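Working notes, beginning with the structure itself.
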Number of protein chains: 2
Amino acid sequence: METTPSPTPDAPRWNPYSADCPTRVVLDRIADKWTVLILGLLGDGPKRFNQLRKSVDGLSQKVLTQILRGLETDGLVTRTAFPTVPVTVEYELTPLGHSLRETLDGVRLWAEANIEAILEARKAKGM
Amino acid sequence: METTPSPTPDAPRWNPYSADCPTRVVLDRIADKWTVLILGLLGDGPKRFNQLRKSVDGLSQKVLTQILRGLETDGLVTRTAFPTVPVTVEYELTPLGHSLRETLDGVRLWAEANIEAILEARKAKGM
DNA sequence: CGGCATCCCATCCGATACTG
DNA sequence: CAGTATCGGATGGGATGCCG
């Protein structure tokens, strides 16, 4: 966790590109290989731990745990453990998480609409 | 650079669930601590190298170079060197880069609108 | 099933020195 | 000014084992 050390508590204004700007706080949480995909999966409804893990190929148990803890910390998902045997744990988006996921849909749509252009740019540069 | 060293051509790509494969390609490019912020800065117009570096708190010269090379590779920015003394280099968004930046504005707006909720969630969990 | 703890290696990144 | 080159420490994350 990389919470910013709170400086002087006076000025409520933040530099748009300093470490405590809202965009950076949010990006530091979601801008990794997997989080956006997990939010997408949870958008379809509550999911169990291993259900998530198996849905995203290459995602390890350790990393999934870290991601879910982070999302929980920020109030984006809830974790519910049912006292079954063995235990069942369900993760679900909060309203806040849902609204973020909807916002990220914009990125997904852009990606799908422009992936060709990107791949051609790479090819044009010999990649 | 972060190009894959292994040139194995036909690896079984990520899970078929992902209509998100394009999303993954795009995320692998932009989903880091800095790239979205740089796209935001360039959205206001062309910027010189050190201009960008000084604008983003904590961003090193090395990482900025890597990011700009990556964005160039994907056709999102152009690099123009002017034969002044000393040399001047300008980075500018392509139309593709502009359209991505506009999409990412959605994320920025969400972040600014919901940062309070996130910080309170963290505080409620003792962070 | 859903974790946590440990080991351990790959990658990242900051610091530094040098260059056109 | 805008990089490239190199090194070493920090970090991330896979593999494995254990546990409620």
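Order of the sequence lines fixes the chain letters, A, B, ..., with proteins taken first and strands second; residue numbering starts at 1 for each chain. None of the values given here were measured: they were computed from a predicted structure.
- For A:R48 and C:dC1, the shortest distance from a side-chain N or O to OP1 or OP2 is not below 4.0 Å.
- With sequence neighbours excluded, the residues satisfying side-chain contact (heavy atoms from CB on, under 4.5 Å) with B:A111 are A:P22, A:T23, A:V26.
- Across all strands, B:F82 comes closer than 4.0 Å to no nucleic acid atom at all (heavy-atom distances).
- As rounded to whole Å, 14 Å separates atom C1' of C:dC4 from atom CG of A:L68.
- When the C1' atom of D:dT4 is taken as reference, atom CG of B:L64 falls 14 Å away, rounded to whole Å.
- Checked against side chain to side chain donor-acceptor pair (under 3.5 Å), A:D32 has the following partners two or more places apart in sequence or in another chain: A:T35.
- Note on B:R79: every side-chain N or O is 4.0 Å or more away from OP1 and OP2 of D:dA2.
- Qualifying side chain to side chain donor-acceptor pair (under 3.5 Å) partners for B:T84, counting only residues two or more places apart in sequence or in other chains: B:T88.
- Every residue meeting the side-chain contact (heavy atoms from CB on, under 4.5 Å) condition with A:K125, not counting sequence neighbours, appears here in chain and number order: A:M127.
- With hydrogens and angles ignored, the 3.5 Å screen pairs a side-chain donor or acceptor of A:T94 with a backbone N or O of A:G75.
- Using a 4.5 Å heavy-atom cutoff, the side chains of A:L52 and A:V56 are not in contact.
- Put simply, B:R53 has no side-chain N or O that comes within less than 4.0 Å of OP1 or OP2 on C:dG14.
- Here the P atom of nucleotide D:dA2 and the CG atom of B:N50 are 5 Å apart, to the nearest Å.
- Checked against side chain to side chain donor-acceptor pair (under 3.5 Å), B:T78 has no partners two or more places apart in sequence or in another chain.
- A straight line from CD of B:E90 to C1' of D:dG3 spans 17 Å, rounded to a whole angstrom.
- For A:Q61, the side-chain contact (heavy atoms from CB on, under 4.5 Å) partners at least two apart in sequence or on another chain are A:F49, A:R53, A:T65.
- For A:R69, a side-chain nitrogen or oxygen approaches OP1 or OP2 of C:dG3 to under 4.0 Å.
- Between the CD atom of A:Q51 and the P atom of C:dC1 there is a distance of 12 Å, given to the nearest Å.
- Remark: B:E120 engages no residue in a side-chain contact (heavy atoms from CB on, under 4.5 Å) (not counting sequence neighbours).
- To the nearest angstrom, P of D:dA2 lies 13 Å from NZ of B:K47.
- Remark: A:Y91 is in phosphate contact with C:dG3, judged by side-chain N or O atoms under 4.0 Å from OP1 or OP2.
- For the helix from C:dC1-D:dG20 to C:dG20-D:dC1, the end axes, each set by the C1' atoms of five terminal pairs, are bent relative to each other by 50° (nearest 10°).
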Problem set entry | Contact pattern, 5' to 3', of nucleotides 13-20 of chain D - B, S or - by protein heavy atom under 4.0 Å | BBB----B

